[in-house]
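The structure appears right after this line, and notes come after that.
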Amino acid sequence: MTHRRRPQLSSRKQPQQARSTELVAAILQAAVQVLAEEGVTRFTTARVAEKAGVSVGSVYQYFPNKAAILFQLQTDEWRRTSDMLRDIIEDTGTPALDRLRALVHAFIRSECDEAEMRVALNDAAPLYRDAPEARQARASADRTLERFMEELLPNVSATTRALAGELITTTFSTVGKSFSETPRTRAEIDTYANAMADMFCAYLKSIENG
């Protein structure tokens with residue numbers, strides 16, 4: 001039985017100087033444009049280099065293949081989302097359920113704002129979905145949400161809390177993706193986010209009081 005060799009996802013080297021940092025930023029910006037304009041099926045390192053106005057060799061200095069470029073775009077998106085969610089969750093001066101509401105609104109807005117890019121990156125996901133680097137990139141956000149669930153449900157069993165957390169995160173990803181596939185107005189986003197937040201809050205209160 002043969003196994004497909006996983007593409008290398010890690011960068012060849014990290015930019016150390018301002019010029020190299022600017023080069024990597026230009027490559028990634030070009031990658032976003034190529035992905036948005038042509039989709040993942042026509043996404044190549046050569047097209048990214050052309051769009052960035054640099055040689056293919058310059059791209060290969062930092063990214064060994066197109067999968068590494070796409071993975072960098074995905075991890076940058078995960079990082080931005082994780083940082084946004086963490087800022088909301090760790091604002092302990094705000095009641096936990098109010099933070100949950102803010103979390104829902106921020107997440108739904110983010111899904112709608114980045115819908116086009118997210119769809120393209122999802123199409124590319126088979127290139128890196130099961131790679132160790134991908135699992136590591138998602139782990140930080142998962143740990144943050146686990147700690148938040150402990151704060152939201154301090155008086156229930158770990159099993160019940162884990163189930164509630166899984167239900168909420170699955171609803172976030174599934175419903176958020178479905179909702180954002182259609183262009184939405186700000187009013188529609190707010191109405192939908194309010195309804196989802198009401199549902200989550202009622203669910204958590206029923207568990208805590210049950």
Side-chain angles (χ1 to χ4, degrees), residues 1-86 106-146 166 169-170 172-181:
M1 181 177 175
T2 59
H3 296 276
R4 258 184 98 183
R5 188 165 172 258
R6 280 194 184 124
Q8 180 183 345
L9 297 181
S10 57
S11 301
R12 290 187 186 276
K13 66 178 182 178
Q14 296 299 316
Q16 301 296 324
Q17 299 178 342
R19 180 179 296 178
S20 56
T21 299
E22 291 172 2
L23 173 59
V24 170
I27 291 169
L28 292 175
Q29 182 58 43
V32 169
Q33 294 172 1
V34 171
L35 195 59
E37 293 169 5
E38 303 188 24
V40 71
T41 56
R42 297 187 63 190
F43 184 94
T44 65
T45 304
R47 286 289 297 114
V48 172
E50 180 184 4
K51 179 69 74 172
V54 301
S55 68
V56 174
S58 295
V59 177
Y60 281 135
Q61 286 185 56
Y62 298 96
F63 301 100
N65 47 52
K66 72 174 185 179
I69 301 173
L70 291 166
F71 180 65
Q72 186 63 57
L73 294 179
Q74 180 65 84
T75 53
D76 286 348
E77 184 191 18
W78 282 331
R79 189 176 298 110
R80 286 191 300 272
T81 301
S82 296
D83 289 346
M84 175 190 69
L85 300 184
R86 188 178 298 109
F107 182 81
I108 296 297
R109 284 197 301 269
S110 174
E111 286 288 282
C112 291
D113 290 343
E114 299 177 1
E116 184 177 352
M117 180 57 60
R118 191 195 64 249
V119 169
L121 288 173
N122 283 344
D123 289 340
L127 293 170
Y128 51 75
R129 181 179 329 175
D130 297 324
E133 297 98 324
R135 291 194 295 269
Q136 183 178 3
R138 294 189 293 261
S140 176
D142 290 343
R143 288 193 296 270
T144 300
L145 287 170
E146 285 173 7
E166 182 179 356
T169 54
T170 300
F172 262 139
S173 60
T174 304
V175 178
K177 176 180 180 296
S178 176
F179 178 75
S180 63
E181 286 176 348

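One is the number of the first residue; the rest follow in order along the sequence.
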Would you indicate whether the side-chain heavy atoms of [Y] and [X] approach each other to under 4.5 Å?
X      : Y      : answer
Thr144 : Leu85  : no
Lys66  : Phe43  : yes
Asp142 : Thr169 : no

Atom [atom1] of [X] and atom [atom2] of [Y]: how far apart are they, to the nearest 0.5 Å?
X      : Y      : atom1 : atom2 : value
Asp76  : Leu28  : CG    : CG    : 6.0 Å
Phe71  : Asn65  : CZ    : CG    : 11.5 Å
Arg143 : Leu145 : CZ    : CG    : 11.5 Å
Ile27  : Glu22  : CD1   : CD    : 12.0 Å
Cys112 : Glu181 : SG    : CD    : 10.5 Å
Ser180 : Ile108 : OG    : CD1   : 7.5 Å

What is the minimum heavy-atom distance between Lys177 and Glu111, and which atoms define it? N-OE1, 3.6 Å
At their closest point, which heavy atom of Phe107 faces which heavy atom of Phe172, and how far apart are they? CE2-O, 3.1 Å
Would you say Ser110's side chain and Ala106's backbone share a donor-acceptor pair under 3.5 angstrom? no
Take atom CD of Glu166 as the centre, draw a 6.0 Å sphere, and report whether it contains more than 12 heavy atoms from other residues, nucleotides or ligands.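 No, CD of Glu166 has 12 or fewer neighbouring heavy atoms, counting only those of other groups under 6.0 Å.
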Hey, is Arg80 close enough to Asp83 for a salt bridge, meaning N to O under 4.0 Å?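 No, this pair does not count.
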May I have the step-by-step check of side-chain contact (heavy atoms from CB on, under 4.5 Å) for Phe63 and Val48, ending in yes or no? CA-CA 11 Å; Phe63 301 100; Val48 172; over 6 Å; no
Candidate pair Arg47 and Glu50, rule salt bridge (Lys or Arg N to Asp or Glu O under 4.0 Å), full reasoning: CA-CA 5 Å; Arg47 286 289 297 114; Glu50 180 184 4; 2.9 Å; yes
